Number of protein chains: 2
Amino acid sequence: MRNSLADVVAAALRVLDEQGLENCSMRRVAAALDVQPSALYHHVPNKQTLLALMADEIVLGVGPRVTTVSGAGTAGDPRRLCIDLREAMLAVRDGADVVATATAFRLGRSRIENSLAQLVGSDGARTLLLYTFGHAQSTQTHRQAAALGALVDAGAAVAGPPAAAPPAAASPAADPAAGAITARADRPAVDLTVDPAVDLDASFGRGLDLILAGLAAREAAEFVTQ
Amino acid sequence: MRNSLADVVAAALRVLDEQGLENCSMRRVAAALDVQPSALYHHVPNKQTLLALMADEIVLGVGPRVTTVSGAGTAGDPRRLCIDLREAMLAVRDGADVVATATAFRLGRSRIENSLAQLVGSDGARTLLLYTFGHAQSTQTHRQAAALGALVDAGAAVAGPPAAAPPAAASPAADPAAGAITARADRPAVDLTVDPAVDLDASFGRGLDLILAGLAAREAAEFVTQ
DNA sequence: ACCTGAACACCGTTCAAGT
DNA sequence: ACCTGAACACCGTTCAAGT
């Protein structure tokens, strides 16, 4: 016996984290295992299935915390669950895309959506889940773009009038009016990745609170109606 | 003069809608224009830029409705705007993925996020926007999987014990406990695409209302605090 | 059970060259 | 300005065959 399915999934996750989703090919996963590409098809019927298994692995540790210790982490906090989910996805490169896509297939039947549903009902669960996916995917894409832009941007100063929309990655300040202000300082553009105007972790928390406030308001309304 | 940039974008959108994102290759777009693949690079520096232009086109008509006619559509309704945005994305195959990815690059600077921000503030805007993206992407992926599963599923009845997770598209009822109940009726599984347990359009509306309720609650709280 | 080797029908992008 | 033709370094998947 040489490689197990678990080996394949683990190798695929390594490749994903190191090279990103667009470079996470069956051929590269095979290479990481020192094996021919065709060997993977003994373990997995196709790439889509492998991606689904990777998604399961990424969110494996995420679930309701049933530690009955009184204190910070109360049992079954929906806010905590969403934050944990987001962090698990952000922990591996392009993890949000992989998990969101795989979960969409089983919409309404995923383990995490069910956990959330027990805490806040099915409408609240789906809203929280899909908001979390949307925010995580945006965060991850935005950060990668910023990181890539920071590498490119010394050479990208003046390139002539762009006939249409400029390539997204090249121009951090996409607004043409702001271009003249920001462009062409001699200092390297250090703070692109940080971008204090958009602290995405804090932004996520505020959105979460907004949804939870909506749930609380609904509960209060139902109480009055009774 | 033969093809303009607009021609290229239009052709790309046609290919996207007919063949889906994974088949929307530069080579196929070129073929749709009766042109060599290399010709596209006269209009566009790379595929990513083309996708961004397609995204802009998909959401072109979406914006605050400033019709001052008293009645159904009041000026600048955030709920209407999100629904319009979602419908515009769902109207073209894989449109949600394309738009969500392109918008992530300009997070905080997109036209639609700004429109929303004027109505509900920046936190509310981002929450609504990213929830809308998350829900639309899930909806679109789920529907495509269901449609695909409906084609396959006659032959997919019994295939032996799946060592790990089964390919997502093949098994509509992923829960192993539910399998014995649902599996192997002689009738064709007609209602897979409809799936009344998950009416995703209504689901989206309820989540939207939840977020808007949270915003209203926050406003009320601030009013009290003053 | 797990893998090799070869093949098939594809990709995005570059570049010299044409009109 | 817009396009061709050829090339480069890749894809996912299949299939007969080996051990």
Side-chain angles (χ1 to χ4, degrees), chain A residues 1-12 15-16 18-54 94 97-98 101-102 144 148 152 155-156 159-164 167-170, chain B residues 1-12 15-16 18-54 94 97-98 101-102 148 152 155 159-164 167-170:
Chain A
M1 188 183 34
R2 281 162 277 187
N3 281 308
S4 68
L5 176 60
D7 294 330
V8 172
V9 175
V15 174
L16 178 69
E18 284 161 16
Q19 324 229 37
L21 184 56
E22 88 175 344
N23 295 314
C24 186
S25 62
M26 297 298 269
R27 294 176 116 100
R28 267 143 133 120
V29 172
L33 289 166
D34 264 311
V35 134
Q36 294 295 317
S38 52
L40 299 182
Y41 291 87
H42 181 80
H43 301 279
V44 117
N46 51 48
K47 189 181 182 180
Q48 186 191 144
T49 301
L50 179 53
L51 285 167
L53 294 172
M54 293 159 70
D94 290 324
D97 280 87
V98 172
T101 302
Q144 268 172 223
L148 219 147
V152 176
Chain B
M1 188 183 36
R2 280 161 279 187
N3 281 309
S4 68
L5 176 60
D7 294 330
V8 172
V9 175
V15 174
L16 177 69
E18 284 161 17
Q19 325 228 36
L21 184 56
E22 88 176 344
N23 294 315
C24 186
S25 62
M26 296 298 270
R27 295 177 115 99
R28 267 144 132 118
V29 173
L33 290 166
D34 263 311
V35 136
Q36 294 295 317
S38 53
L40 299 182
Y41 291 87
H42 181 80
H43 301 280
V44 118
N46 51 47
K47 189 181 181 179
Q48 186 191 143
T49 302
L50 179 52
L51 284 167
L53 294 171
M54 292 159 72
D94 289 325
D97 280 86
V98 172
T101 302
L148 220 146
V152 175

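Note that this is a predicted model, so its numbers are computed, not measured. Note that these values count all heavy atoms, side chains included, but never hydrogens, waters or copies made by symmetry. Order of the sequence lines sets the chain letters (A, B, ...), proteins ahead of strands, with each chain counted from 1.
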Check your understanding: In Å and rounded to the nearest 0.5 Å, what is the CG to CZ distance from A/L33 to A/R28?
Key ->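 Atom-to-atom, A/L33:CG and A/R28:CZ are 14.5 Å apart.
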
Atom-pair distance ([atom1] on [X]; [atom2] on [N]), nearest Å:
X     : N      : atom1 : atom2 : answer
B/N23 : D/dT13 : CG    : P     : 12 Å
B/M26 : C/dT14 : CE    : C1'   : 12 Å
A/R2  : C/dA1  : CZ    : C1'   : 8 Å
A/R27 : C/dA6  : CZ    : P     : 13 Å
B/L40 : D/dA1  : CG    : C1'   : 15 Å
A/L50 : D/dT13 : CG    : C1'   : 14 Å
A/D34 : C/dT4  : CG    : P     : 9 Å
B/Q36 : C/dT19 : CD    : P     : 15 Å

By nearest atom, which of the nucleotides [options] is closest to the [X] side chain?
X     : options                : result
B/P37 : C/dT13, D/dG12, D/dC3  : C/dT13
A/R28 : D/dC11, C/dG12, D/dT13 : D/dC11
B/H42 : C/dC3, D/dC2, D/dG12   : D/dC2
A/Y41 : C/dT13, D/dG12, C/dC3  : D/dG12
A/K47 : D/dT13, C/dC3, C/dG12  : D/dT13

I'd like to check [X] versus [Y] (side-chain heavy atoms, cut-off strictly below 4.5 Å). Are they in contact?
X     : Y     : result
A/M26 : A/V44 : yes
B/R2  : B/D7  : no
A/L5  : A/L53 : yes

Review point. Can you check whether A/H43 has a side-chain N or O nearer than 4.0 Å to OP1 or OP2 of C/dC3?
Key: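 Yes, such a contact exists.
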
Check your understanding: OP1 or OP2 of C/dG12 less than 4.0 angstrom from a side-chain nitrogen or oxygen of B/N46, does that happen here?
Key ->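 Result: no.
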
Point to revise | Residue mapping more 5' on DNA chain C - nearest nucleotide basis, B/A39 or A/S4 | key: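 Whichever sits nearer the 5' end wins; that is A/S4.
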
Check your understanding: Can you find an N or O donor on one side and an acceptor on the other, under 3.5 Å apart, linking the side chain of B/S38 with the base of D/dG5?
Key ->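 Yes, the side chain and the base share a sub-3.5 Å donor-acceptor pair.
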
Practice item. Please measure how far the P atom in C/dA9 lies from the corresponding atom in D/dA9, and state the result in whole Å. Key: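 Taking atom P in both C/dA9 and D/dA9, they lie 22 Å apart.
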
Point to revise | Pairing partner (Watson-Crick or G-U wobble, both distances under 3.5 angstrom) of C/dG5 | key: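 Per the H-bond distance test, D/dC15.
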
**Study point:** Under 3.5 Å on both distances, the Watson-Crick or G-U partner of D/dC10
**Key:**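 Across all strands, not a single nucleotide pairs with D/dC10.
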
Check your understanding: Which residue, A/L21, A/L51, A/L16, forms the side-chain contact (heavy atoms from CB on, under 4.5 Å) with A/D97?
Key ->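 Of the listed options, the one satisfying the test is A/L21.
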
